[in-house]
Amino acid sequence: MMKRSAAILMVLVIFLAAGSLLAEPVMLYWINVSPGLNMPVEANGNYYGSMPTGVYNVAIDFNGDGNYETFSAHCIDPAFASTTPSEYNIIDIPHEENYLQAAYIFSRWGEATVAQAAADAQSAIWSVIGNFSFPDGLSAEAQMMISAAIEAVENGWNSTEGLSLAVSPGSGEHYAEGYQDFIIRTPEPGSLALLGLGIAGLWIAGRKKGLLPVFVKRS
């Protein structure tokens with residue numbers, strides 16, 4: 001009975017941890033933009049000059065243990081990106097038209113490995129988020145991405161599972177507050193829950209054979 005209770009408790013802990021993965025603040029910092037290009041950018045009527053435009057690589061410490069994982073991201077607002085660890089919140093993509101369009105672009109083209117393609121995706125995301133303009137214009141590919149995103153959302157696309165916003169929590173807003181905010185892919189809580197079931201099964205089998213419990217620490 002004790003073995004069964006302990007196994008149930010372990011699974012419960014894993015499920016609770018998975019459910020809270022995106023609810024707790026994390027530490028995040030910006031590494032670089034690669035691949036990508038420099039493009040003249042205006043935002044909110046301000047000229048920002050030639051800005052890095054492409055895949056924004058960020059490091060995130062999800063566990064609070066000082067171990068950072070690297071994520072490919074795209075930025076979504078006119079703010080400086082923090083190059084030192086800063087507190088961020090990981091939130092669901094808002095089901096607002098412009099954020100859904102940005103999420104659609106990221107889901108299809110957001111992790112390009114070629115500089116021009118990465119710049120196209122970033123400039124398209126900036127465009128649909130709003131208040132951004134490009135003195136040199138947008139490429140035909142970026143315009144295609146924008147058109148595809150608008151059409152998809154108009155037709156009901158909202159498949160944002162596995163995508164999140166990393167939000168600088170300066171004021172609790174998700175645009176133009178605190179540091180730069182990012183669209184990222186995040187570990188899915190459901191995957192952690194399945195991992196928990198597997199761990200519990202191994203733990204029970206090990207106990208039956210007189211072995212020590214099995215513990216797995218997420219790197």
I need the [X] [atom1] to [Y] [atom2] distance, nearest 0.5 Å.
{"X": "Glu69", "Y": "Ile60", "atom1": "CD", "atom2": "CD1", "value": "8.0 Å"}
{"X": "Leu100", "Y": "His95", "atom1": "CG", "atom2": "NE2", "value": "5.5 Å"}
{"X": "Asn57", "Y": "Thr70", "atom1": "CG", "atom2": "OG1", "value": "7.0 Å"}
{"X": "Ile129", "Y": "Ile183", "atom1": "CD1", "atom2": "CD1", "value": "6.0 Å"}
{"X": "Arg185", "Y": "Glu111", "atom1": "CZ", "atom2": "CD", "value": "4.5 Å"}
{"X": "Asn44", "Y": "Asn131", "atom1": "CG", "atom2": "CG", "value": "4.5 Å"}

Quick one: does Gln143's side chain have a donor or acceptor within less than 3.5 Å of a partner on Leu138's backbone?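 Yes: the side chain of Gln143 pairs with the backbone of Leu138.
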Can you give me the closest heavy-atom contact between [X] and [Y], atom names plus distance?
{"X": "Ile184", "Y": "Ala73", "value": "CG2-CB, 3.5 Å"}
{"X": "Ile105", "Y": "Ala149", "value": "CG1-CB, 3.7 Å"}
{"X": "Tyr29", "Y": "Pro85", "value": "CB-N, 3.7 Å"}
{"X": "Ala142", "Y": "Ala124", "value": "O-CB, 3.8 Å"}
{"X": "Met145", "Y": "Ala117", "value": "CE-O, 4.3 Å"}
{"X": "Ala103", "Y": "Thr160", "value": "CB-CG2, 4.1 Å"}

Are [X] and [Y] connected, step by step, through hydrophobic side chains (Ile, Leu, Val, Met, Phe, Trp, Tyr) whose heavy atoms are closer than 4.5 Å?
{"X": "Val114", "Y": "Trp109", "result": "no"}
{"X": "Ile31", "Y": "Leu28", "result": "no"}
{"X": "Met27", "Y": "Val167", "result": "no"}
{"X": "Val128", "Y": "Phe132", "result": "yes"}
{"X": "Ile125", "Y": "Leu37", "result": "no"}

*Could you check Gln122 against Thr53 for side chain to side chain donor-acceptor pair (under 3.5 Å), going step by step and ending with a plain yes or no?*
CA-CA 6 Å; Gln122 178 61 81; Thr53 307; over 6 Å; no
task = Compute the centroid of each ring, for Phe71 and then for Phe182, and state whether the two points are separated by less than 6.0 Å.
result = no
State yes or no: are the ring centers of His74 and Phe106 separated by less than 6.0 Å?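 Ring centres of Phe106 and His74 closer than 6.0 Å.
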Practice prompt. Going by the side chain to side chain contact (heavy atoms under 4.5 Å, CB included) test, name the single residue among Leu165, Asp77, Ile91 that passes it with Asp181.
Written response: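 Only one of Leu165, Asp77, Ile91 forms a side chain to side chain contact (heavy atoms under 4.5 Å, CB included) with Asp181, namely Asp77.
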Exactly one candidate in Ser168, Pro25, Ser164 meets side chain to side chain contact (heavy atoms under 4.5 Å, CB included) with Asn89; the answer is Pro25
* Start with the C-alpha gap between Tyr68 and Phe62, add the side-chain angles, then the distance that decides, and say whether ring-ring contact (aromatic ring centres under 6.0 Å, His included) holds. => CA-CA 7 Å; Tyr68 284 82; Phe62 274 105; 10.0 Å; no
Checking Asp120 against Gln116: is there a side-chain donor and acceptor pair closer than 3.5 Å?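 Asp120 and Gln116 do have a side-chain donor-acceptor pair below 3.5 Å.
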I would like to know whether Ile93 and Tyr99 meet side-chain contact (heavy atoms from CB on, under 4.5 Å); could you show each step before the answer?
CA-CA 7 Å; Ile93 302 290; Tyr99 282 93; 4.1 Å; yes
Can you check whether [X] reaches [Y] side chain to side chain, under 4.5 Å on heavy atoms?
{"X": "Phe134", "Y": "Met39", "value": "yes"}
{"X": "Glu151", "Y": "Tyr104", "value": "no"}
{"X": "Tyr179", "Y": "Trp30", "value": "no"}
{"X": "Tyr88", "Y": "Val26", "value": "yes"}
{"X": "Ser82", "Y": "Gln180", "value": "no"}
{"X": "Pro35", "Y": "Val55", "value": "yes"}
{"X": "Asp92", "Y": "Leu163", "value": "no"}
{"X": "Tyr47", "Y": "Pro40", "value": "yes"}

- Counting only heavy atoms not in Glu87, do more than 12 sit closer than 6.0 Å to its CD atom?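 Yes - once you tally the heavy atoms of other residues, nucleotides and ligands closer than 6.0 Å, there are more than 12.
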